[in-house]
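Heads up: the structure comes next, in structure tokens.
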Number of protein chains: 2
Amino acid sequence: MTAVRAVGEPVDVRRSARRVPPATVSRLPLYLRALAAFAADGVSTTSSSTLAAAAGVGSAQLRKDLSFLGSHGTRGVGYDVANLSRHLTVALGLTSQRHVVIVGVGHLGHALANYSGLAGRNFSVVGLVDADPRVVGTTVAGLEVQPADRLGRVVAASGATIAVIATPAEVAQDVCDAAVAAGVTGVLNFAPCSLRVPPEVDLRVVDLGSELQILAFHDSRKADAGA
Amino acid sequence: MTAVRAVGEPVDVRRSARRVPPATVSRLPLYLRALAAFAADGVSTTSSSTLAAAAGVGSAQLRKDLSFLGSHGTRGVGYDVANLSRHLTVALGLTSQRHVVIVGVGHLGHALANYSGLAGRNFSVVGLVDADPRVVGTTVAGLEVQPADRLGRVVAASGATIAVIATPAEVAQDVCDAAVAAGVTGVLNFAPCSLRVPPEVDLRVVDLGSELQILAFHDSRKADAGA
DNA sequence: TAGATTGTTAATCGATTAACAATC
DNA sequence: TAGATTGTTAATCGATTAACAATC
């Protein structure tokens, strides 16, 4: 179905909030990280080709991606590192704190809770939850691990909007449902299973097994080619 | 540029080795996992819509994906679970063992070394390497952790083709270079930095920080819409 | 001004989706 | 045969890339 629109009537371009394609959104963190490295090295200006190389993409793609956020460079000169960082940070919504709850405090949950890249980036882990009575009550990354059945209360009390699921596959869907019911709007799933969430909830998946199998695919084709 | 081809001359269709698009390859593990769950439940036949639902994709996409691997279903009936599993396993190159070396045995490396999804799927972790002298010599997941400067020898001796990098960002590129020099053909990078590898080496990236920032992006747009 | 580099356009490419003929 | 479901085609959609006019 195509929306009817009178000729000359403007397309939906709300000021500074034009639609950013998903593929572009997924690369913005790479640019932000590369910019942070430049800033740490005392570099104050960069070009699309330099920044793109640092982020591992093409310069045309970088400029195209940035163009969705507006025009923040200077022709003939390049980009101001601090200024572009600021714009990317705003575009990604990283200006206000995001509260994160981690469900499942095994080795992986442990690693995530201690991940240093969070605090500095306006993410704060506000709750840890586990079903294992031997883990509940222990302190990890400065937080006391709560029993699994309190997940809903932990989310509600902390105002967490993001749940990270690092549980076994068997309980992942139940945990996810509970987190969503308690109000999270984003879920990051490390459990090796597919999860169903309502359309308004954003779901990202990290699956070690799949990644390795994809590597195996290419690996085997190389072996074939070499044979 | 379009290749000139005489009318009636066959397109490049080498028997059972046609080109599989990357997007399709990345979904094959999902299908394989869903099929394994069906088999565990005693289900012996399935349809594209049932399997697609279990994998979290559309049925048209599933059929399109499978069509790149050949024709393994029966019209009017569906797919035999065991048979399709076998074909997917072969297509992904999971019939021969892949040897994996994990570099960096912090919490994350620990979690990966103990990940149960590996052994059952023809992956075997054959080496652990770390730079921290307090970690070197300890036993993790049944393996003794080797010092970092032995990475090359560990790869060569074990015949590992895949390196998993779970080190701090600062040393990730050096570690990666060493692993590639020693002969790995696939790299899975968990370090929060971009890596450069030669074109013949396959690189996959898992970046927790990026995933959270992408969730934050959608989160903030919801907050705006609600405000 | 001359050189450099952005922001944008247009062309290409690949991925997704819907529809349906083939066929069990 | 009638109903069901695949495998494939064609249409749509989105992403990437190259080229270049705008402009510092």
Side-chain angles (χ1 to χ4, degrees), chain A residues 1-3 11-13 16 18-28 30-31 34-35 38 43-81 83-85 87-88 91 214, chain B residues 1-3 10-13 16 18-28 30-31 34-35 38 43-81 83-85 87-88 91 199 214:
Chain A
M1 197 196 303
T2 306
V11 192
D12 181 21
V13 182
S16 81
R18 60 200 87 182
R19 200 188 149 277
V20 185
T24 293
V25 173
S26 71
R27 281 185 296 265
L28 298 183
L30 304 183
Y31 304 151
L35 286 168
F38 286 170
V43 175
S44 62
T45 301
T46 188
S47 67
S48 61
S49 48
T50 306
L51 181 55
V57 305
S59 70
Q61 182 157 82
L62 172 76
R63 289 198 303 278
K64 185 91 177 113
D65 283 340
L66 294 184
S67 75
F68 289 109
L69 309 180
S71 174
H72 303 300
T74 306
R75 289 170 201 247
V77 177
Y79 301 93
D80 181 80
V81 170
N83 182 50
L84 185 55
S85 292
H87 280 291
L88 282 172
I214 293 165
Chain B
M1 198 197 301
T2 307
V11 193
D12 181 21
V13 182
S16 82
R18 59 199 88 181
R19 198 187 150 278
V20 185
T24 293
V25 174
S26 71
R27 282 186 295 265
L28 299 182
L30 305 182
Y31 305 151
L35 286 168
F38 285 170
V43 176
S44 62
T45 301
T46 188
S47 68
S48 62
S49 48
T50 306
L51 180 55
V57 304
S59 69
Q61 182 158 81
L62 171 75
R63 290 198 302 279
K64 186 92 177 108
D65 283 341
L66 294 184
S67 76
F68 289 109
L69 310 180
S71 175
H72 304 300
T74 308
R75 289 171 201 248
V77 177
Y79 301 92
D80 180 79
V81 170
N83 182 50
L84 185 55
S85 292
H87 280 291
L88 282 172
I214 294 166

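Letters A, B, ... are given to chains in the order of the sequence lines, protein chains preceding strands, and every chain is numbered from 1. Given the structure is predicted, the values throughout are model-derived calculations rather than measurements.
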Non-hydrogen side-chain atoms of A/Leu69 and A/Leu28 separated by less than 4.5 Å: yes
Atom-to-atom span, NE2 of A/His72 to P of C/dT8 - whole angstrom: 11 Å
Length of the line joining B/Phe68:CZ and D/dT6:P, which is rounded to integer Å: 17 Å
In residues 45-54 of chain A, which residues come under 4.0 Å of DNA chain D by heavy atom? none
What closest approach, in Å, do A/Arg27 and A/Val57 show between heavy atoms, and which atom pair accounts for it? CD-CG1, 4.0 Å
Sorted by chain and number, sequence neighbours left out, side chain to side chain contact (heavy atoms under 4.5 Å, CB included) with B/Ala53 holds for none
Gap between atoms CG and C1', on B/Leu69 and D/dT8 respectively (whole Å): 15 Å
Contacts of A/Gly58 and B/Thr74 projected onto DNA chain D by closest heavy atom; the upstream (5') one is B/Thr74
Please name the pair of heavy atoms, one in A/Val43 and one in A/Thr45, separated by the smallest distance, quoted to 0.1 Å. CG1-O, 3.3 Å
Does the side chain of A/Leu51 reach to within under 4.5 Å of the side chain of A/Phe38, using non-hydrogen atoms? yes
Take the protein atom CD of A/Gln61 and the nucleotide atom P of C/dC13, then report the distance between them rounded to whole Å. 16 Å
d(CG, A/Leu62; P, C/dT8) in whole Å: 14 Å
Can you list everything that forms a side chain to side chain contact (heavy atoms under 4.5 Å, CB included) with B/Ser47? Sequence neighbours excluded, please. B/Ser49, B/Thr50
Between A/Asp65 (CG) and C/dG7 (P), how many Å, whole number? 13 Å
Do A/Leu66 and A/Leu84 come within less than 4.5 Å of each other through their side chains, counting heavy atoms only? yes
Output the rounded distance in Å from CG (B/Asp80) to C1' (D/dT5). 15 Å
Minimum heavy-atom distance A/Ala34-A/Ala54, with the two atoms named: CB-CB, 4.0 Å
D/dG7 phosphate, OP1 or OP2: any side-chain N/O from B/Ser71 under 4.0 angstrom? yes
Would you list the protein and nucleotides 18-22 of chain D atom pairs, both N or O, that sit under 3.5 Å from each other?
{"residue": "D/dA19", "atom": "N6", "partner": "A/Arg63", "partner atom": "NH2", "Å": "3.4"}
{"residue": "D/dA22", "atom": "N3", "partner": "A/Arg75", "partner atom": "NH1", "Å": "3.0"}

Does OP1 or OP2 of C/dC24 have a side-chain N or O of B/Tyr79 closer than 4.0 Å? no
With B/Leu35, which of B/Asp80, B/Leu30, B/Val81 fulfils side chain to side chain contact (heavy atoms under 4.5 Å, CB included)? B/Val81
Determine the stems involving DNA chain D; a stem requires 3 or more consecutive pairs of the Watson-Crick or G-U wobble kind, each with both distances below 3.5 Å, and the answer is none if no such run exists. C:3-24 with D:3-24
Which residues pass the side chain to side chain donor-acceptor pair (under 3.5 Å) test with B/Tyr31, not counting sequence neighbours? B/Asp65
For B/Arg63 and B/Tyr79, which heavy atoms make the closest approach, and how far apart are they? CG-OH, 3.8 Å
Between CZ of B/Arg27 and P of C/dT17 the distance, given in whole Å, is 9 Å
